[in-house]
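We count ligands from 1, going down the list as the structure has it; atoms in each ligand are counted the same way. Numbers for residues simply follow the sequence, beginning at 1. For clarity, every value in this text was computed on a predicted model and none was experimentally measured.
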Amino acid sequence: MSAAPQHAAPLDVQAVRKDFPILSDSFHGKPLVYFDTAASSQKPQVVIDALVDFYSHGYANIHRGLYALSVGATRSFEEARDKVRGFLNAADEREIVFVRNATEAINLVAMSWGRQEVGAGDEIVISAMEHHANIVPWQQLCAEKGAVLRVTPVDDRGELELDAYESLLSDRTKLVAITHVSNALGTINPAKQLVESAHAKGIPVLLDGAQAVPHMSVDVRDLDCDFYVFSGHKLFAPSGIGALYGKLGVLETMPPFMTGGEMIESVTFEKTTFKAPPGRFEAGTPDIAGAIGLGVAIDYLQELGMDAIAAWEHELLAYATARFEEIPGLRIIGTAREKAGVLSFVLDCAHPHDVATILDQEGVAVRAGHHCAQPIMDRFDVPATTRASLSLYNTREEVDVLVAAIGKVTELFG
Ligand code: PLP
């Protein structure tokens, strides 16, 4: 489990809970206990209000209009970009490309940078714990180019085998693409060290931050990664918006990913010239309200303090892990020493889908399945797990409800 951040002002969880209207709702006559934030987070009222306000009084298309409404919408959209820049501590807002989600960001890099840079016989290094979003685009690119996908193995705790990682890096390696935090295991990978090793051999690194940004402060300049991707919907923002960070010097070398309106400088039937980044990568009308909502979600998180959030989740994970260890026949999948708030488990007596269905009857929302990470399920020799993912709005009392609900499963099936 990760060390708790120092000097974090404590999070007032009860106050936080009041910010999320859905947490007062009930399902099957039971108060909602939401442990599926790794799939998607709930939204605070400030984000909901920002959407309503923008659509009620601020909406227009951006970047083209000369009237006040459009100018205002453009300003809000670009302010949101700057908030993402600040959140990741990127140096320049031109390094932030708005996309739909982490999946699109990775595809953008694969199809733009990858098609340009990767050739026959080259290698791309990923890990055994990747989400499909950080496997399939590279697999497709390798198939197209005759390149080879190399996979860093994971040990029984769910930690990367670092010696194997080092030995995979060679002069054939064109890119390392690795998750910062695993969605299926909760493992926090030593991202800075991974980047340092790759850079020592001149290899650029993409970090998949989809599960990292909601839980800890991320500094892309300190990490020195070349690309960093995340989805807004896991970060208390609307679905349909996400971000790609890329070092400006790298983005400038990359061709467009999609083409059409918005991303051009000039068009004739003979020739089109493209905008500089990030506009070059933002073809068509974007999710304007989503971007604004993402900016508000970032403000909200920064007000709470990412260190305070991480400290609370660390405490809650320790509590939940200890409670899980008391349950006979329960095996936690993913016991890395550095872990974010993900508890994947299997029960001897019941299939994960049955577990999730029974927990639902108790008002407890968890995820069951392969979590879009089938290779890591194979590694642990399980077809699926039940996953409870913890977040800033979860409490010890909710963990107790979860544990009692698992008790019902074991009574029924055990
Ligand atoms: N990467 C990781 C680690 C994830 O957990 C997820 C989603 O669960 C993704 C990528 C893909 O995110 P999205 O579906 O928002 O593109």
Side-chain angles (χ1 to χ4, degrees), residues 34-43 84 88 97-111 126-140 151-152 154 158-160 176-191 194 205-216 218 223 225 227-245 257 286-287 290-291 293-294 297 313 333-334 336 338-344 365-377 379 384-391:
Y34 190 74
F35 279 128
D36 199 22
T37 299
S40 204
S41 63
Q42 296 300 342
K43 316 304 171 198
V84 175
L88 297 178
V97 181
F98 279 126
V99 288
R100 283 186 302 146
N101 46 40
T103 302
E104 184 174 295
I106 296 169
N107 275 276
L108 191 164
V109 177
M111 291 186 201
I126 61 168
S127 87
M129 69 174 86
E130 299 310 312
H131 187 281
H132 297 162
N134 201 30
I135 302 174
V136 186
W138 306 119
Q139 208 167 44
Q140 292 295 103
V151 182
T152 310
V154 162
E159 294 181 1
L160 288 180
V176 168
I178 267 184
T179 196
H180 195 172
V181 173
S182 156
N183 67 312
L185 308 174
T187 309
I188 302 174
N189 285 321
L194 299 175
V205 179
L206 176 144
L207 293 175
D208 174 356
Q211 298 293 346
V213 287
H215 304 295
M216 60 178 82
V218 169
L223 290 169
C225 55
F227 299 106
Y228 197 93
V229 309
F230 74 87
S231 296
H233 70 92
K234 295 183 198 286
L235 193 71
F236 313 98
S239 48
I241 189 75
L244 163 69
Y245 158 81
F257 161 54
D287 183 353
L294 174 58
E313 291 182 3
I333 306 292
E338 299 283 329
K339 235 188 113 170
V342 168
L343 276 164
S344 257
V366 293
R367 179 64 46 133
H370 52 59
H371 315 295
C372 297
Q374 279 179 350
I376 199 66
M377 299 291 116
R379 162 66 183 81
T385 70
T386 308
R387 181 187 67 189
S389 49
L390 316 180
S391 184

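- Set against the non-hydrogen atoms of K234, the atoms of ligand 1 under 4.0 Å away are 6 (C), 7 (C), 8 (O), 12 (O).
- Comparing heavy-atom distances from atom 3 (C) of ligand 1 across D208, N134, N107 singles out D208 as nearest.
- The aromatic rings of H132 and H370 are tilted relative to each other, their planes meeting at an angle between 30° and 60°.
- When only interatomic distances are considered, the shortest N/O to N/O separation between E104 and ligand 1 does not fall below 3.5 Å.
- Contact annotation: the side chain of T152 never approaches that of M129 to less than 4.5 Å [non-hydrogen atoms, C-beta and beyond].
- Among protein heavy atoms, the minimum distance from atom 16 (O) of ligand 1 is reached at T103 OG1, 2.5 Å.
- The shortest side-chain heavy-atom distance between I333 and L185 falls under the 4.5 Å cut-off.
- In this structure, the side chains of L88 and F230 come closer than 4.5 Å at one or more pairs of heavy atoms.
- At a heavy-atom distance under 4.0 Å, no atom of H371 approaches ligand 1.
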- Test log, rule side chain to side chain donor-acceptor pair (under 3.5 Å), inputs T385 and H371: CA-CA 8 Å; T385 70; H371 315 295; 2.6 Å; yes
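- With a 4.5 Å cut-off on side-chain heavy atoms, V99 and F257 do not count as touching.
- Near H233, the atoms of ligand 1 lying under 4.0 angstrom from a non-hydrogen atom of the residue are 13 (P), 15 (O).
- At a 4.0 Å heavy-atom cut-off, ligand 1 does not touch R100 at all.
- Atom numbering of ligand 1 starts at 1 in the shown order; those under 4.0 Å from a heavy atom of T179 are 3 (C).
- The closest side-chain heavy-atom distance from V154 to L160 is below 4.5 Å.
- Contact check for L244 versus V109: side-chain heavy atoms found under the 4.5 Å cut-off.
- The distance from ligand 1 to the heavy atoms of Q211 drops below 4.0 Å at these ligand atoms: 3 (C), 4 (C), 5 (O), 8 (O).
- Near N183, the atoms of ligand 1 lying under 4.0 angstrom from a non-hydrogen atom of the residue are 5 (O).
- In this comparison of S182, A133, S231, the heavy atom closest to atom 13 (P) of ligand 1 sits on S231.
- Of all protein heavy atoms, the one closest to atom 4 (C) of ligand 1 is H131 CD2, 3.3 Å.
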